[in-house]
Amino acid sequence: MSGRSRTGLMVLAGAAAAALLSGCSTAATEPVPAPADVAAAFEHIHGLEVDPESGALLVATHGGIFQLTEAADGTELSGPLGGLDIDAMGFTLNNGVAYASGHPGPGTPDTFGSPHLGLIRSPDLGRSWVNVSLTGTTDFHDLTISLGHHKRIYGLDSSSGTVRKTDDGQTWTDGATLAARDILAPDENPDLLYATTEDGLSVSTDGAESFILDPLAPRLYLIASGGDDWLVGIDVDGTLWYQPLEGGPWSQGGVTDGVPQAMTVDAANGRVIIADDRGIVATDDYGDTWEVLRPAE
């Protein structure tokens, strides 16, 4: 690992703790047939998260959530977890608990709701789910949980472009409306929220009530953090950038291949992991070199 990686990625803290939200109904978890074509599911990768216990990579796709496990002789793919073929949008982890939204798949039990999943929660990283709120009515294309307020959840409502927030999982407040691709609440301040937009990186300091464009930031497409002191992003041209959360200039890294679909930080191993045209790939030097974890189908 390069010197800048040791002073950047390796200092990332672990994921912050989160209290479980009380669910309103329990979703059925009976297995359903896995997609006949796993490649079709992987054409749309909506999210990547690292299981902090096992180190396995969880891949949220159009056809369910899969687990990619690395070994000395390669990688092993299993899933969809729980036999569930949900179109998992906004997939995120907080203290070992998964949250998601999206749509039911052809084999998804009716208890999940339709046509939208609303906010759902999984205590076992995607093997079973509980309906939390907005069942059947809302599809959040992105979700993020504040490090400073572990029940503060922000969601990007795909139907209206409104950023919504909740502190109890049940009652939602509408914030600003903007055309955003990715949102992130990485700081101890629960009212701090980043949003990647066509015009550039927008920042809210009032809990998504308003956003101000950061003129010094690159035009990021994706943004992620592995803790409370470092940001990593990919701009619209596929270039990696990184910045200390407390501020300062953004530093430029290497480039991706094609349009990246998802990104996460593997803090334990000092890596950025993305899904792009090559498949699922990782870098420990901000894109100067890459390792292909799973090639594109």
Side-chain angles (χ1 to χ4, degrees), residues 1-16 45 47-50 52 57 92-93 142 144-148 154 178 180-189 192-205 211-293:
M1 181 178 294
S2 68
R4 67 178 179 183
S5 183
R6 285 193 295 270
T7 59
L9 288 177
M10 293 304 290
V11 301
L12 292 175
I45 295 178
L48 299 170
E49 291 285 350
V50 176
L57 182 67
T92 188
L93 296 185
D142 201 18
T144 184
I145 302 174
S146 171
L147 292 181
Y154 291 97
L178 73 169
R181 170 60 175 82
D182 205 2
I183 57 175
L184 178 69
D187 191 76
E188 289 300 317
N189 176 6
L192 178 64
L193 185 68
Y194 293 89
T196 63
T197 72
E198 293 181 356
D199 295 325
L201 183 65
S202 293
V203 183
S204 173
T205 58
F211 286 83
I212 299 176
L213 194 67
D214 182 352
L216 300 180
R219 293 179 60 208
L220 298 181
Y221 179 71
L222 298 175
I223 188 169
S225 171
D228 60 358
D229 49 19
W230 208 261
L231 296 176
V232 181
I234 301 175
D235 70 17
V236 294
D237 296 318
T239 301
L240 264 69
W241 295 85
Y242 52 100
Q243 179 203 46
L245 186 56
E246 67 268 18
W250 286 83
S251 299
Q252 184 174 341
V255 297
T256 63
D257 188 349
V259 179
Q261 298 187 57
M263 175 177 64
T264 192
V265 175
D266 177 8
N269 294 298
R271 302 186 301 178
V272 177
I273 303 176
I274 70 168
D276 67 5
D277 287 359
R278 294 166 294 185
I280 298 175
V281 298
T283 178
D284 63 4
D285 53 17
Y286 294 103
D288 286 345
T289 60
W290 295 91
E291 175 188 3
V292 177
L293 304 181

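Owing to the predicted nature of the structure, the values given are computational and were not obtained by experimental measurement.
- Residues Gln261 and Ile280 have side chains not in contact (no heavy-atom distance under 4.5 Å, counting atoms from C-beta outward).
- In this structure, Ile45 and Ala275 approach most closely via the heavy-atom pair CD1-CB, 3.9 Å.
- Below 30°, between 30° and 60°, or above 60°: for Tyr242 and Trp230 the angle between ring planes is below 30°, a parallel geometry.
- Looking at heavy atoms from C-beta onward, Val281 lies out of side-chain contact with Ile273 at the 4.5 angstrom threshold.
- Annotation: side chain of Thr196 is in contact with side chain of Leu201 (closest heavy-atom distance under 4.5 Å).
- The minimum heavy-atom distance linking Ser225 with Pro186 is given by the pair CB-CB, 4.1 Å.
- Between Leu220 and Trp250, the closest side-chain pair of non-hydrogen atoms falls below 4.5 Å.
- Under the 4.5 Å side-chain criterion, counting only non-hydrogen atoms from C-beta, Leu192 is in contact with Val203.
- Remark: the Asp199 side chain and the Thr197 side chain contain no N/O donor-acceptor pair separated by less than 3.5 Å.
- The two residues Thr283 and Asp288 come nearest to each other via the heavy atoms OG1-N, 4.2 Å.
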Step by step, work out the side-chain contact (heavy atoms from CB on, under 4.5 Å) result for Arg271 and Glu291. CA-CA 10 Å; Arg271 302 186 301 178; Glu291 175 188 3; 4.1 Å; yes
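- A 4.5 Å side-chain heavy-atom check between Val259 and Tyr221 finds at least one atom pair inside the cut-off.
- Ser202 has its side chain out of reach of Asp214: every pair of non-hydrogen atoms, C-beta onward, lies at least 4.5 Å apart.
- You'll find the side chain of Asp182 stays beyond 4.5 Å of the side chain of Tyr194, heavy atoms only.
- Rounding to the nearest 0.5 angstrom, the gap separating the CG atom in Leu193 from the OG1 atom in Thr144 is 7.0 Å.
- With Tyr154 as reference, Ile183 is the one residue of Asp142, Leu184, Ile183 to meet the side-chain contact (heavy atoms from CB on, under 4.5 Å) rule.
- Evaluated for a side-chain contact (heavy atoms from CB on, under 4.5 Å) with Pro260, the options Asp277, Leu240, Leu222 yield exactly one hit, Leu222.
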